[in-house]
**Q** 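First the structure, which I've put down as structure tokens, then a few questions once you've had a look.
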Amino acid sequence: MTSSETNTTTSMPGTSAPDPAELTAWFDAHARDLPWRAPTTTGWGVLVSETMLQQTPVRRVQPVWEEWMARWPRPSDLAAATQAEVLRAWGKLGYPRRALRLHEAASVIATEHGDVVPAEVDALLALPGVGTYTARAVAAFAYGRRAPVVDTNVRRVVARAVHGAGDAGPPAPKRDLADVEALLPADDARAAKMSAALMELGQTVCTVRSPACEACPISHDCAWQHAGRPAYAGPPKKVQRFAGTDRQVRGRLLDVLRGADGPVTREQLDAVWNDAGQRDQCLDSLLTDGLMEQTQDGRFALPGES
DNA sequence: CACGCGTGGGG
DNA sequence: TCCCCAAGCGT
């Protein structure tokens with residue numbers, strides 16, 4: 001058992017296959033106690049958490065998720081709220097279009113799925129704001145289905161443990177899915193736990209900057225370790241600028257509306273950005289996106305409150 | 001398919 | 001400080 005020379009599961013030079021039993025045992029012992037992982041959490045609770053967690057860190061999501069579950073415990077509860085209420089409750093999680101899509105999804109679930117979040121990947125994919133990651137995450141984490149879950153963390157774990165690379169290259173959806181598919185046990189329950197374990201490992205141990213390989217349950221069987229932990233050699237990652245972008249301007253404009261009790265004047269919005277052209281363009285795009293609306297007297301408000 | 005979409009924290 | 005990023009999705 002101490003031999004790292006003999007790898008019985010290797011099918012290609014320089015690759016390894018993490019042992020599901022080791023990974024899931026580690027998960028049972030070390031997984032963070034996140035509220036949406038409680039056994040009592042419904043499919044709705046999981047869908048809300050996964051949507052909020054798209055590009056937003058756990059620490060910021062957690063308190064908001066608690067509020068949402070207390071306020072809107074079922075899809076029909078959220079569906080009954082106004083868009084303005086939903087956007088205010090979303091707060092500063094970012095990418096507020098997610099909140100509107102979740103609101104729409106809640107209506108669909110309430111009217112077409114008996115107020116129960118579907119368990120089938122195809123049905124989940126048909127919901128607004130639910131893509132390949134979220135659909136599989138809900139199927140696996142809420143319903144214990146065997147559904148390969150591929151996010152940025154899993155891609156990194158696979159890149160290292162299986163392929164021996166320093167990090168994942170650009171997404172290659174088909175190949176990424178096949179890679180994870182090949183790692184999952186055949187039965188639903190263990191496959192679902194394996195999916196959760198791969199994500200957790202990437203988030204807490206196999207991190208981008210400073211991986212804690214000494215704490216990793218599969219380091220003995222990691223192709224990256226065996227290769228001497230070579231640096232990432234793929235194409236440079238795209239850097240998202242923020243300062244000065246429309247994204248920043250839209251964020252400021254929307255923040256004014258979130259902080260107001262009702263409609264605000266154009267002058268109040270003009271105050272948050274000095275470039276009038278960019279400001280007006282962002283105002284237009286927010287109206288187009290349904291994130292704000294204009295009242296008859298020319299003021300601006302969150303949708304559904306005027 | 002590359003890009004645009006918020007926000008705040010850590011190295 | 002600045003830069004990179006954190007459980008993606010839709011177009």
Side-chain angles (χ1 to χ4, degrees), chain A residues 27 31-32 34-37 45-65 87 90-102 104-105 124-142 147-158 167-174 176-177 180 195-204 206-211 232 235-258 272-273 278 281-282 284-286 288-292:
Chain A
F27 182 77
R32 290 165 297 173
L34 302 173
W36 43 85
R37 286 178 175 165
V46 173
L47 175 59
V48 172
S49 75
E50 293 300 341
T51 302
M52 290 180 170
L53 286 163
Q54 293 167 5
Q55 303 286 280
T56 302
V58 168
R59 204 159 291 140
R60 287 171 45 206
V61 165
Q62 189 161 337
V64 180
W65 183 86
L87 288 170
W90 190 260
K92 308 198 81 169
L93 289 181
Y95 294 142
R97 294 186 296 186
R98 288 183 293 168
L100 293 184
R101 295 190 184 120
L102 186 53
E104 293 172 33
L124 288 159
L125 283 172
L127 299 172
V130 176
T132 57
Y133 162 76
T134 303
R136 293 167 182 284
V138 170
F141 305 149
V149 176
V150 180
D151 75 334
T152 183
N153 295 296
V154 172
R155 289 187 350 96
R156 181 172 57 256
V157 170
V158 169
D167 200 350
K174 199 169 175 177
D176 295 340
L177 200 64
V180 177
S195 291
L198 285 168
M199 284 186 59
E200 185 78 354
L201 189 73
Q203 294 160 210
T204 64
C206 193
T207 60
V208 181
R209 301 290 181 81
S210 50
Y232 173 67
K237 313 251 176 182
K238 304 273 186 176
V239 181
Q240 285 253 28
R241 294 288 168 203
F242 180 67
T245 63
D246 287 359
R247 231 158 57 253
Q248 181 180 24
V249 180
R250 286 164 55 106
R252 287 196 184 180
L253 292 170
L254 209 54
D255 198 41
V256 173
L257 295 186
R258 277 196 303 262
V272 303
W273 199 256
Q278 187 180 21
Q281 176 181 318
C282 288
D284 282 346
S285 72
L286 287 168
T288 299
D289 288 348
L291 286 165
M292 70 166 65

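The basis for the numbers below is simple: all heavy atoms, side chains too, and nothing from hydrogens, waters or symmetry mates. So that the names make sense, note that chain A is the first sequence line, chain B the second, and so on, each numbered from 1.
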**Q** In whole Å, I'd like the distance from the CG atom of A/Asp151 to the P atom of C/dA7.
**A**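 Whole-Å distance recorded here is 6 Å.
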
**Q** Under 3.5 Å, is there a donor-acceptor pair between the side chain of A/Arg98 and the main chain of A/Met52?
**A**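 Looks like yes, one N/O pair under 3.5 Å.
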
**Q** Kindly point out which of C/dA6, C/dC9, B/dG8 is positioned nearest to the side chain of A/Val208?
**A**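 So the nucleotide nearest the side chain must be C/dA6.
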
**Q** Do the side chain of A/Trp273 and the main chain of A/Arg250 share a donor and acceptor less than 3.5 angstrom apart?
**A**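 Not confirmed, A/Trp273 side chain does not pair with A/Arg250 backbone.
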
**Q** What distance do A/Leu34 atom CG and A/Phe141 atom CZ have between them, rounded to the nearest 0.5 Å?
**A**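 Result: 11.0 Å between the selected atoms.
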
**Q** Whole angstroms only, please: what is the CD-C1' distance between A/Glu50 and C/dA7?
**A**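 From A/Glu50 CD to C/dA7 C1': 6 Å.
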
**Q** Rounded to whole angstroms, how far apart are CG on A/Leu254 and P on B/dG4?
**A**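 Nearest whole value for this atom pair: 20 Å.
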
**Q** Side chain of A/Thr152, base of C/dG8: donor and acceptor closer than 3.5 Å?
**A**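 Donor-acceptor pair under 3.5 Å: no.
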
**Q** Quick one: does A/Thr51's side chain have a donor or acceptor within less than 3.5 Å of a partner on A/Leu102's backbone?
**A**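 Not at all, since once roles are kept as given, no pair shorter than 3.5 Å links the two residues.
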
**Q** Name the nucleic acid region contacted by A/Thr245, choosing base, sugar-phosphate or nothing; use a 4.0 angstrom heavy-atom cut-off, strictly under.
**A**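 Nothing, no heavy atom under 4.0 Å.
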
**Q** Measure from the side chain of A/Lys238, starting at C-beta and using heavy atoms only, and say which of C/dA7, B/dG6, B/dC3 lies closest.
**A**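 So the side chain of A/Lys238 is nearest to B/dC3.
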
**Q** Taking any heavy-atom pair under 4.0 Å as a contact, classify A/Leu34: base, sugar-phosphate, or nothing.
**A**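 It contacts base atoms.
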
**Q** Among C/dG8, B/dT7, C/dG10, which nucleotide sits nearest the side chain of A/Arg258?
**A**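 Of C/dG8, B/dT7, C/dG10, B/dT7 is nearest to the side chain of A/Arg258.
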
**Q** Whole angstroms only, please: what is the CD-P distance between A/Gln62 and C/dA7?
**A**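 Taking CD of A/Gln62 and P of C/dA7, I get 16 Å after rounding.
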
**Q** Expressed in whole Å, how much space separates the P atoms belonging to B/dG4 and C/dA7?
**A**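 To the nearest whole Å, 22 Å.
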
**Q** Taking atom types as they are modelled, is there a donor-acceptor pair under 3.5 Å from the base of C/dA7 to the side chain of A/Gln203?
**A**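 Side chain to base: pair found, below 3.5 Å.
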
**Q** Just name whichever nucleotide pairs with B/dG11, Watson-Crick or G-U, keeping both distances under 3.5 Å, else none.
**A**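 Pairing partner, where one exists within any strand: C/dC2.
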
**Q** So which nucleotide from B/dG4, B/dG10, C/dA7 ends up closest to the side chain of A/Tyr133?
**A**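 The answer is C/dA7, which lies nearest to the side chain.
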
**Q** Which part of the nucleic acid does A/Val149 contact within heavy-atom distance under 4.0 Å: base, sugar-phosphate only, or nothing?
**A**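 The answer is nothing, as A/Val149 stays clear of every strand by at least 4.0 Å.
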
**Q** At under 4.0 Å between heavy atoms, what does A/Gly94 touch on the DNA or RNA strands: base, sugar-phosphate, or nothing?
**A**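 Since a base atom lies under 4.0 Å of A/Gly94, the category is base.
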
**Q** From the options B/dG10, B/dG4, C/dA7, select the nucleotide whose nearest atom is closest to the side chain of A/Val58.
**A**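 Nucleotide nearest to A/Val58's side chain: C/dA7.
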
**Q** DNA chain C: A/Val130 or A/Asn153, which has the more 5' nearest nucleotide?
**A**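 Its nearest nucleotide being more 5', the pick is A/Asn153.
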
**Q** Quick check for you: among C/dA7, C/dG8, B/dT7, whose closest atom lies nearest to any side-chain atom of A/Leu53?
**A**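 The listed nucleotide nearest to A/Leu53's side chain is C/dA7.
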
**Q** Just to be sure I understand the rule, does A/Thr134 reach a base, reach only the sugar-phosphate, or reach nothing, if contact means heavy atoms closer than 4.0 Å?
**A**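 Counting heavy atoms under 4.0 Å across all strands, the contact made by A/Thr134 is with sugar-phosphate only.
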
**Q** Between A/Asp255 and A/Arg252, does any NZ, NE, NH1 or NH2 come within less than 4.0 Å of an OD or OE carboxylate oxygen?
**A**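 Judged by the 4.0 Å cut-off on N to carboxylate O distance, A/Arg252 and A/Asp255 do not form a salt bridge.
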
**Q** What contact category does A/Trp36 fall into here, base, sugar-phosphate, or nothing, at under 4.0 angstrom with non-hydrogen atoms?
**A**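 Since a base atom lies under 4.0 Å of A/Trp36, the category is base.
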
**Q** Indicate yes or no: at least one non-hydrogen side-chain atom of A/Arg156 is less than 4.5 angstrom from one of A/Val208.
**A**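 A side-chain contact exists here, since the closest heavy-atom pair is under 4.5 Å.
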
**Q** Rounded at 0.5 Å granularity, tell me how far CZ in A/Arg60 sits from NZ in A/Lys92.
**A**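 Output value for this atom pair is 9.5 Å.
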
**Q** Nearest whole angstrom, please: distance from the C1' of B/dG9 to the NZ of A/Lys92.
**A**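 Taking atom C1' of B/dG9 as the reference, NZ of A/Lys92 is at 14 Å.
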
**Q** Starting at the 5' end of DNA chain C and moving along, which residue's nearest nucleotide shows up first, A/Gly129 or A/Met199?
**A**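 Here A/Met199 is the residue nearer the 5' end.
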
**Q** Just to be sure I understand the rule, does A/Asp246 reach a base, reach only the sugar-phosphate, or reach nothing, if contact means heavy atoms closer than 4.0 Å?
**A**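 Sugar-phosphate, no base atom in range.
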
**Q** Looking at every strand, decide which applies to A/Leu93 at a 4.0 Å heavy-atom threshold: base, sugar-phosphate, or nothing.
**A**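 The residue A/Leu93 makes base contact.
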
**Q** Nearest to the A/Arg101 side chain among C/dA7, B/dC5, C/dG10, which nucleotide is it?
**A**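 Output: C/dG10.
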
**Q** Write down the distance between CZ (A/Arg98) and P (B/dG4), rounded to a whole number of angstrom.
**A**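 It works out to 19 Å between those atoms.
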
**Q** May I ask you to say what A/Arg60 touches in the nucleic acid, namely base, sugar-phosphate or nothing, with a heavy-atom cut-off under 4.0 Å?
**A**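 Here A/Arg60 touches the bases of the nucleic acid.
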
**Q** From the set C/dA7, C/dC5, B/dG6, return the single nucleotide nearest to any side-chain atom of A/Arg209.
**A**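 Looking only at side-chain atoms, A/Arg209 lies closest to C/dC5.
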
**Q** Expressed in angstrom and rounded to an integer, what is the separation of A/Gln281 atom CD from B/dG4 atom P?
**A**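 A/Gln281 atom CD is separated from B/dG4 atom P by 12 Å.
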
**Q** Rounded to whole angstroms, how far apart are CD on A/Gln54 and C1' on C/dG10?
**A**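 For the pair A/Gln54 CD and C/dG10 C1', the rounded distance is 11 Å.
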
